[in-house]
Every structure is written in C-alpha cells, then in structure tokens.
Amino acid sequence: MASDGARKQFWKRSNSKLPGSIQHVYGAQHPPFDPLLHGTLLRSTAKMPTTPVKAKRVSTFQEFESNTSDAWDAGEDDDELLAMAAESLNSEVVMETANRVLRNHSQRQGRPTLQEGPGLQQKPRPEAEPPSPPSGDLRLVKSVSESHTSCPAEELRRLSWSGIPKPVRPMTWKLLSGYLPANVDRRPATLQRKQKEYFAFIEHYYDSRNDEVHQDTYRQIHIDIPRMSPEALILQPKVTEAEEVDTVDVSGVPAEVLRNIEADTYWCMSKLLDGIQDNYTFAQPGIQMKVKMLEELVSRIDEQVHRHLDQHEVRYLQFAFRWMNNLLMREVPLRCTIRLWDTYQSEPDGFSHFHLYVCAAFLVRWRKEILEEKDFQELLLFLQNLPTAHWDDEDISLLLAEAYRLKFAFADAPNHYKK
C-alpha cells in the first residue's frame, strides 16, 4: 500500500514543476503577432524562409511535431480504418461542410483543392429533422437573449450547469469560454476583430497543408476526424433515425454565416485547449497523470471493481486513455456530448479537472456488468464498446450528479475515505 505522502501527490495541488510539464507557448489564442496590424509583413514574408535564432535555445513546433508519435496511428491499417469509419458513419453533413471549407479557402487563394480519398466520398444528405422545443431554465434564455443586459459570470455558470437551452447555447458557450466579453456593447466589435484575425491566419497559413513536411499531419487529421464519433465503433448498436441528433442542411445557410461560425469555432476551441495543453504535448503527460488519478480514485470509491480489473490484468491505460484523450466523445452520442459540455463549460476547470470525476462515475456506472465479466478479453472489449447509443440527457444528468458528489468528497482531500 502506498504511503500517505505518495497518495497525496495526485490530490493536492502543487505549484512545483513536474517532469513533463510544459511552459506556455504562443498558440492560436496568443499569437506572436497581430495579423491585422502586421498584414503587410505577412504578405511580404509569406514565402520567405525564416532565419534560425541562435541566441536562445527554445522548443519549436517542428521539433515537437517530429518527436510526437500518435498513439492511435497503427500505420498500415490507417486506410482501412478510414474507409471503414466513413462507411459506418452517418456523417454526410460533416463531410460536406469540411469539403466546402476546403473549396472556399482554395478558391479565395486561386488554388485547387486536394482530391478526396476513396473513403471520403459524399452520400446523399438526409432530410433535416424538425428542431425540438427549447428546454432549460427560462432565466438563462432571458439573461442571454436580452441585448441590453449583462448576466454576471457566476450567475451564468450556475444557470448553465444543468443544461443550456438550444436557442441560447451558441452565445452562452462563447461567454462561458471567455471568447466574448461580458459587456454587451463590446461584443460586436470583438466578434468582428477576432473573425478578421482568423481569416488573416487562413490567408497566411492555410496553403501550408500542401507542403511535403505537413503531409503526415494532414493525413492523420483525415483519419482522426471520422473516428471521433462513437458510431465508428463497430460493436455499438445502431441508432434509429428518430434518436439521432438534429441535422442541418448546411446548403441553406448563407456563406457569410458559415464563415463566422468557422471563425468562432476556431477561437472557442483554442480557449478550450489552453486548459489541457499537457494532454497533447510530447508523451502526453497530462493524460498519463489523469489516468493514474482515475485509478487511485476508483480504488477508493469502489475497491471491488478496482480489484476485479487488477485481478484480470486490465490496466486503466488500456481503456481510460481514450476517455481522457477524446473527452468521452467516442463513448457517448453527440447529443450527450453537447449536454456534457454544457456542464464542463460551467465548471471551473471543467475539461481539465471535473472530467476526472465524470470518468470515475462513468466507470462505476457499469459496475454490475464489469463484475460479471470473468475474462481479460471480454472485460476490455466491454470497456471499449460501452452500450451508450441510446443515452439521453437524463443519463448524462445522473452521471454529472454523481461526478459532482465525488468531486465534493475527494477534491483536495487526500485523507478522506482513506483506506
């Protein structure tokens, strides 16, 4: 049994540096230059090679890229996986939108788009389903929709924790992520400025995808996008059309609106990734630490499940790595992911800290089924293909409630429920 000092290391926040920790680097949210103020510099140096700086040794993106190995990249079977995922996914709208973005950017730059792979051919779009009626706290709808008022941040988080109504979810996510200011009068100018910045980045960087040095990364993106959906898992039961998340015919959306959505999505995602950077740096130290924390937490809250997994030599890294790496997006349907992210956005450090307790509650949720499996192969197969295809908001709400209880009992309390 680990000593008390060893046990505290995962449950007591510390400011000391750990092996594998990273320093803040310039990224999408904090670019090293302003493309609007330095537009002339961008255009004049777009094709010029940069001169290496020898005065100070720093870690570069090229070094990180060359030293990083994708844990999912299986090599020879990538093409087969991509084709299989494309056939099993109901992703017509997603692929059409992605291809339209490629065409639009390339046409604006006067360059041809890359040819679509054999596994990425489009299918006929299904008819859009009628939107479901708004749900959630009407106070949140009122506070966000009234342009002449500003909802305090803490009040907005409190109202959003139990789910955000559809009509105000786009604006609420922008506010909760910190992308938009709370001051209503500043929002239009901020949106316009950030959208211009994004397309200035597109003009400068987008065509670099055709460079030989980026081909492996570009190919990996095309492999990863389809398999982010739980429907890519062959053993998941099929979901009937009535149970699928609402679909939208993007052909009817004005081009300018799509451009704004693209820019807003980029900046919101940048804000999200800022809090979990160490999940995706070399050796992924953030994920490894969170998997270890999950193992210790489960050993405290359900020792029988923990011993059962250990007895059959099932390691947490074998199933929980994907839970941390993909934020449970491959484990639950898209509609459930959206509901889950409502709460993650409302929780302080929701993606980096609260997600741990959600994963613990998610594992214990299948306690009965886990204890019934008496074989390593069957256990692992079950944990990698959990039957969540028919989950809805009620299932996610119960999961989040249990996760909150665990957080309240164990966060920053290393001696609580001590063995």
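Here E372 pairs with K368 in a salt bridge; the nearest charged N to carboxylate O distance falls below 4.0 Å. One finds a salt bridge joining R169 and D342 here, because a Lys/Arg side-chain nitrogen approaches an Asp/Glu carboxylate oxygen to under 4.0 Å. A salt bridge between R193 and E197 is present, with a side-chain N of the basic residue lying under 4.0 Å from a carboxylate O of the acidic one. The pair R259-E262 does not count as a salt bridge, with every side-chain nitrogen at least 4.0 angstrom from each carboxylate oxygen. With salt bridges taken as basic N to acidic carboxylate O contacts below 4.0 Å, none links E347 and R157. Between E296 and K292 there is no salt bridge, since no side-chain nitrogen of the basic residue lies less than 4.0 Å from a carboxylate oxygen of the acidic one. Between R315 and D310, at least one side-chain nitrogen of the basic residue sits less than 4.0 Å from a carboxylate oxygen of the acidic one, meeting the salt-bridge criterion.
Between W173 and the choices V168, I338, L180, the side-chain contact (heavy atoms from CB on, under 4.5 Å) rule is met once, by I338. The residue from V358, I287, L328 that alone fulfils the side-chain contact (heavy atoms from CB on, under 4.5 Å) condition with W323 is L328.
For the residue pair R367 and Q304, a side-chain donor N or O sits within less than 3.5 Å of a side-chain acceptor on the partner. Side-chain atoms of H353 and Y344 include no donor-acceptor pair closer than 3.5 Å. N325 and Q284 form a side-chain donor-acceptor contact under 3.5 Å, judged by distance and modelled atom types alone. Remark: the D264 side chain and the Q195 side chain contain an N/O donor-acceptor pair separated by less than 3.5 Å.
Ring geometry for Y266 against Y198 counts as tilted: the plane angle lies between 30° and 60°, on a 0 to 90° scale. Using bins of under 30°, 30° to 60° and over 60° for the plane-to-plane angle, the ring pair F362/W366 lands in the perpendicular bin.
Residues meeting the ring pair (Phe, Tyr, Trp, His ring centres under 6.0 Å) test with F354, sequence neighbours left out: none. Checked against ring pair (Phe, Tyr, Trp, His ring centres under 6.0 Å), W161 has the following partners two or more places apart in sequence or in another chain: Y404.
Less than 6.0 angstrom separates the ring centroid of Y316 from the ring centroid of H306.
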